[in-house]
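Okay, structure first, notes after.
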Amino acid sequence: MDLPSEQAADFRRTLARWYKQHARSLPWRETRDPYRIWDSEVMLQQTRVNAVLEHYARFLRKFPTIVSLALAPEADVLAVWSGLGYYRRARMLHKAAQFITAELDGVLPSTSAELRKLPGIGEYTSAAIASIAFGESIAVVDGNVERVLLRLTGRPEQTTSESKRFVADQAAALVPQRRSGTNAPGDHNQARMELGATICMPKGPLCLQCPVYDFCRTRGEHKTEAREKMRSRRVAYLLHQRKRGSVIEVMLHHRPADASLMPGMYELPELPMDGVEAYTPTLRVRHSITNTNYYVEVFTADKTLLRALPLSIREYEWCRLGQLADLPLTGLARKVLRRLHLIASPGVRMPQPETMMRQ
DNA sequence: AAGCCGTGGGG
DNA sequence: TCCCCAAGGCT
């Protein structure tokens, strides 16, 4: 696009006006508590707003401050994260909170350069927190911004480092300077992402509603590359319960701490498919992970199925139904146990936003 | 630096 | 039902 400076200013004003009027009301936009903004940005990494909303409220109710997060056992942090995916984010967030508590007097750094050094905070997240929470004039580039800028400029979508640099340069050229009394950089960055999320979507962009239509080279003609096709796979899990006095327990598998996939999380014991052919499932659910659709069947235990388990019984753990909600369950385990009414769906209650903490 | 890490909702 | 995601970071 390479707008002349007055046109760049016009673009910024137009976008700002649109954002003020159309920004969705989201909990992390009601606060300037850097900790809350940090949490939201980590949760939003590769994750839809809808999925974040529920977890965000629960997370902040349970860990309202950096110190409270730092002091919590990792399993508790993972338990609240359960269902959000990319569990390493939760571990890194936890680690960063511990580092900040131990080394930085419990205060989140206020510049992108310092934030960038913390685990789980990369190029995008450091710029997002620095601009939104602290008003730093730095450009945020996420998937939305990249798509918006490529469409605006008419440059084809590419994964080359040259293309990345082009987008970064364009983004940097359009970021407003810091001004007192407002947060122009933070609002501008959020406005770009909001535009990408609600108007300039990957498929079927709503160009006729776009505030910067006049600045756009492509106006919806821009193509995005096709994805790899999803695969399908059938999997089977065992439901095995027992009674100890008045408490009911269910048998779970605790994934090893060094597993690459969902380490330390709890799931139902997996059964080999060839052991369940003669059985009718107690429950069927679909579950998609990355590029695979899983068609999941859950079978109630009997002696034959117990013998089909890949591990010896001792290697599984008996967990009380009452404590399931506090366990770091995999998303699938949580889904299955909820469908079977063995754990309650969480009541979603939003915490009151903190009083503005504008400096 | 390309590949890996998860998910529930919506079309 | 089947497919497509979405505000990245790390190794």
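Computed from a prediction, not measured in an experiment: that's the story for all the values here. Every chain is numbered from 1, with letters handed out A, B, ... down the list of sequences.
- Taking side-chain N and O atoms only, A:Lys335 has a distance below 4.0 Å to OP1 or OP2 of B:dG8.
- One can place CE of A:Met265 at 11 Å from C1' of B:dT7, the figure rounded to the nearest angstrom.
- Taking only distance into account, the side chain of A:Thr47 meets the base of B:dG6 through a donor-acceptor pair shorter than 3.5 Å.
- Comment: A:Glu123 does not engage A:Lys164 in a salt bridge, judged by the lack of any side-chain N to carboxylate O separation of less than 4.0 angstrom.
- A:Tyr295 comes within 4.0 angstrom of the backbone, heavy atoms only, and of no base.
- Judged by a 6.0 Å distance limit and a 45° cone about the ring axis, A:Arg284 is not positioned over the six-membered ring of A:Tyr295.
- Rounded to the nearest Å, the gap between the C1' atom of C:dG8 and that of B:dA1 is 15 Å.
- Straight-line distance from the OH atom of A:Tyr294 to the C1' atom of C:dC2: 16 Å, rounded to whole Å.
- In this structure, of C:dG9, B:dG6, B:dG9, it is B:dG9 that holds the atom nearest to the side chain of A:Arg48.
- One interatomic measurement links the two molecules: CZ of A:Arg88 to P of B:dG3, which rounds to 16 Å at whole-angstrom precision.
- Taking atom CZ on A:Arg89 and atom P on B:dG6, their separation rounds to 9 Å, with Å as the unit.
- Computed from coordinates, the A:Met201 CE to C:dC4 C1' distance equals 13 Å when rounded to whole Å.
- Across all strands, A:Ser40 comes closer than 4.0 Å to no nucleic acid atom at all (heavy-atom distances).
- Among the atoms of the strands shown, none is found under 4.0 Å from any heavy atom of A:Trp81.
- Each of A:Leu337, A:Val336, A:Ile248 was evaluated against A:Leu342; a single residue qualifies, A:Leu337, per the side chain to side chain contact (heavy atoms under 4.5 Å, CB included) test.
- Among the heavy atoms of the strands lying under 4.0 Å from A:Glu123 are primed sugar atoms or P, OP1, OP2 only; no base atom is included.
- Phosphate proximity of C:dA6 to A:Gln46: absent, as no side-chain N or O sits under 4.0 Å from OP1 or OP2.
- For the pairing with A:Trp28, the side chain to side chain contact (heavy atoms under 4.5 Å, CB included) check across A:Asp33, A:Leu44, A:Leu60, A:Asp39 returns one residue only, A:Leu44.
- You won't find any donor-acceptor pair under 3.5 Å spanning the side chain of A:Thr330 and the base of B:dG6, going by distance alone.
- When each of A:Asn50 and A:Leu332 is assigned the nucleotide of DNA chain B bearing its nearest heavy atom, the one mapping closer to the 5' terminus is A:Leu332.
- For C:dT1 and B:dG8, the C1' atoms lie 16 Å apart once the distance is rounded to whole Å.
- Among the atoms of the strands shown, only primed sugar atoms or phosphate atoms (P, OP1, OP2) are found under 4.0 Å from some heavy atom of A:Met92.
- Remark: A:His287 is in phosphate contact with B:dT7, judged by side-chain N or O atoms under 4.0 Å from OP1 or OP2.
- As a whole-Å value, the separation of A:Asn293 CG from C:dC4 P is 9 Å.
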